[in-house]
Amino acid sequence: MWEDSLDVNDLGSTGAATRQLGPDADGLAAAAGLLRAGRLVAFPTETVYGLGADATDAAAVAALYAAKERPRFNPLIAHLPDRDAARREGSFDADALRLAEVFWPGPLTLVVPCAAGGRVCDLARAGLPSVALRVPAAPLARDLLARVGRPVAAPSANRSGRVSPTAAAHVLGDLDGRIAAVLDGGTCPVGVESTIVACLDGTPRLLRPGGVPREAIEAVLGRALHRPAEGPAPLSPGLLASHYAPRAGVRLDAGEIRPGEAALLFGPDYPPGVERARARLNLSPAGDLAEAAANLFAHLRRLDASGAETIAVAPIPLTGLGEAIADRLQRAAAPR
């Protein structure tokens with residue numbers, strides 16, 4: 001058996017080792033103080049670990065982009081402790097208000113026009129007149145955000161394009177020495193990033209499937225979500241074609257497992273050839289999509305660590321959270 005894959009920081013550390021903070025009052029106070037001072041702190045949400053920076057401080061946001069090696073045109077999600085704080089940053093129409101009431105706190109991000117007096121800096125918004133906002137469900141994250149008292153930009157705490165982290169060890173494997181601290185709150189229960197919906201022109205649009213299924217959002221809205229309009233740059237995070245990528249190639253909808261491949265399975269039925277796999281893991285032997293979402297990134301990391309050149313992925317149902325899982329896998333499989 002192989003060890004968990006922890007992405008090696010192959011560009012080298014740029015400073016002292018990253019501090020590991022416990023999920024107690026002392027750890028929260030230290031993390032909040034570092035964020036207010038313009039430093040970078042990773043912290044757990046219910047979806048994945050986010051890499052936090054003061055979203056009102058352009059220098060802190062620039063440091064975040066540098067640590068992640070992230071393209072400047074890809075905007076960031078600003079995290080807030082509650083709906084009232086979020087409404088001070090964005091202008092919510094009736095659809096956005098209804099979605100916020102039903103799904104916040106939770107794994108939903110809303111892209112709305114910037115509010116007059118909003119504090120999220122231009123760099124965090126990638127120069128757009130809109131802002132992406134989320135109130136996470138994890139109590140530890142909301143406690144930290146309340147202590148900071150400012151919007152906190154927090155994309156996934158990994159280098160851009162790499163597999164998103166669902167444990168503090170994953171963060172350290174990719175960013176040790178690049179960031180000030182990681183607040184260790186255990187394993188993230190949802191395991192895929194937030195769903196992103198844009199409410200900008202009276203037509204709610206699904207920009208990224210995620211932790212809240214499309215069907216649940218459409219039931220609240222009473223109508224179908226549209227796809228994003230074409231544009232020269234992403235309106236939200238997570239829209240680059242190649243994203244969430246392990247080092248191995250990814251082959252989707254594998255009807256059989258070829259010799260030497262690593263196998264990412266789903267459900268009780270295995271495709272032919274699974275006995276020839278170099279390594280294999282099952283997202284959910286019972287076929288539970290919530291369990292599969294929670295295991296997705298950690299399983300990709302472990303299979304990547306097996307040394308296989310290709311990870312063959314068994315078919316995943318496209319209902320409910322399966323849409324979010326399929327989206328992440330398609331981006332992992334994109335040319336890069």
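Residue numbers count from 1 along this sequence.
- Transitive grouping of hydrophobic side chains (ILVMFWY, heavy atoms separated by less than 4.5 Å) brings L321 and V163 into a common cluster.
- Annotation: side chain of D327 is not in contact with side chain of V192 (no heavy-atom distance under 4.5 Å).
- Two residues are said to be in side-chain contact when any heavy atoms from C-beta on lie closer than 4.5 Å; L175 and V182 fail this criterion.
- In this structure, V197 and L110 have side chains that are in contact, with non-hydrogen atoms separated by less than 4.5 Å.
- For residues 25-51, every residue pair satisfying the salt bridge (Lys or Arg N to Asp or Glu O under 4.0 Å) rule, not counting sequence neighbours, is listed here: E46-R134.
- Between F297 and R328 there is a side-chain heavy-atom pair separated by less than 4.5 Å.
- V135 has its side chain within reach of R142: a pair of non-hydrogen atoms, C-beta onward, lies under 4.5 Å apart.
- Of the possible polar contacts, one joining the R178 side chain to the A67 backbone as a donor-acceptor pair under 3.5 Å is found.
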Q: For F92 and C199, run side-chain contact (heavy atoms from CB on, under 4.5 Å): C-alpha distance rounded to whole Å, both residues' side-chain angles, the deciding distance at 0.1 Å, then the answer.
A: CA-CA 8 Å; F92 287 61; C199 296; over 6 Å; no

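- Between the R119 side chain and the R150 main chain, no donor and acceptor come within less than 3.5 Å of each other.
- Contact record, C188 with P44: SG-CB, 4.4 Å, taken as the closest heavy-atom pair.
- A search for side-chain contact (heavy atoms from CB on, under 4.5 Å) contacts involving D143 returns L28, R147, not counting sequence neighbours.
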Q: Any chance you could lay out the side-chain contact (heavy atoms from CB on, under 4.5 Å) test for F266 and V313, step after step, and finish with the verdict?
A: CA-CA 8 Å; F266 176 81; V313 183; over 6 Å; no

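- In terms of heavy-atom proximity, A141 sits nearest to P136 at CB-CG, 4.0 Å.
- A continuous path of ILVMFWY side-chain contacts below 4.5 Å connects L264 to L289, so both sit in one hydrophobic cluster.
- Residue L265 holds its CG atom at 7.0 Å from CZ of R280, rounded to the nearest 0.5 Å.
- Residues satisfying the salt bridge (charged side-chain N to carboxylate O under 4.0 Å, His left out) criterion with R83, sequence neighbours excluded, are absent altogether.
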Q: Could you check L21 against F43 for side-chain contact (heavy atoms from CB on, under 4.5 Å), going step by step and ending with a plain yes or no?
A: CA-CA 10 Å; L21 304 174; F43 62 94; over 6 Å; no

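- Here the CZ atom belonging to R19 is positioned 11.0 Å from the CG atom belonging to L183, to the nearest 0.5 angstrom.
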Which donor-acceptor pairs under 3.5 Å do the side chains of residues 96-108 make with protein atoms, sequence neighbours left out?
unit_1, atom_1, unit_2, atom_2, d
W104, NE1, L108, O, 2.7

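- To the nearest 0.5 Å, atom CG of residue D122 and atom SG of residue C114 are 8.5 Å apart.
- Note that the OG1 atom of T109 and the CD1 atom of I77 stand 3.5 Å from one another [nearest 0.5 Å].
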Which donor-acceptor pairs under 3.5 Å do side chains of residues 249-259 form with protein atoms, sequence neighbours excluded?
unit_1, atom_1, unit_2, atom_2, d
R251, NE, E261, OE2, 3.0
R251, NH2, E256, O, 2.9
R251, NH2, E261, OE1, 2.8
R251, NH2, E261, OE2, 3.4

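- Considering all non-hydrogen atoms of both residues, A292 and I325 come closest at CB-CD1, 3.8 Å.
- Within the structure, salt bridge (Lys or Arg N to Asp or Glu O under 4.0 Å) pairs that include any residue of residues 308-323 comprise R214-E323, R227-E323 (at least two apart or interchain).
- Taking each heavy atom of L128 and P75 in turn, the nearest pair found is CD1-CG, 4.1 Å.
- Judged by distance alone, the side chain of D176 and the main-chain N or O of A17 form no donor-acceptor pair under 3.5 Å.
- The main-chain N or O of K68 is never found under 3.5 Å from a side-chain atom of S160 such that the two would form a donor-acceptor pair.
- Annotation: the span from L225 atom CG to L207 atom CG amounts to 9.5 Å, rounded to 0.5 Å.
- Looking only at distances, a side-chain donor or acceptor of Y49 sits under 3.5 Å from a matching main-chain atom of G185.
- The pair R125-E89 does not count as a salt bridge, with every side-chain nitrogen at least 4.0 angstrom from each carboxylate oxygen.
- Put simply, I217 and L133 are part of the same group of oily side chains (I, L, V, M, F, W, Y) that touch within less than 4.5 Å, one to the next.
- Rounding to the nearest 0.5 Å gives a distance of 12.0 Å between CZ of R205 and CG of D95.
- Put simply, the side chain of T310 never gets that close to the backbone of A312: no donor and acceptor are under 3.5 Å apart.
- Residues V112 and V212 share a single hydrophobic cluster, defined by chaining ILVMFWY side chains whose heavy atoms lie under 4.5 Å apart.
- Considering all non-hydrogen atoms of both residues, A42 and I179 come closest at CB-CD1, 4.0 Å.
- Side-chain contact check for D174 versus P165: every heavy-atom pair is 4.5 Å or farther apart.
- With a 4.5 Å cut-off on side-chain heavy atoms, I316 and L283 count as touching.
- Using a 4.5 Å heavy-atom cutoff, the side chains of T195 and L206 are in contact.
- In the hydrophobic cluster analysis, where Ile, Leu, Val, Met, Phe, Trp and Tyr join through side-chain heavy atoms closer than 4.5 angstrom, L35 is grouped apart from L64.
- Using modelled atom types, one side-chain atom of N282 and one backbone atom of G267 make a donor-acceptor pair closer than 3.5 Å.
- Results of the side chain to side chain contact (heavy atoms under 4.5 Å, CB included) test with T166 over V171, L296, N295, V48 single out V48 as the only residue that passes.
- Nearest heavy-atom pair across G52 and V152 is CA-CG1, 3.7 Å.
- With hydrogens and angles left out, the side-chain atoms of S164 and E193 include a donor and acceptor closer than 3.5 Å.
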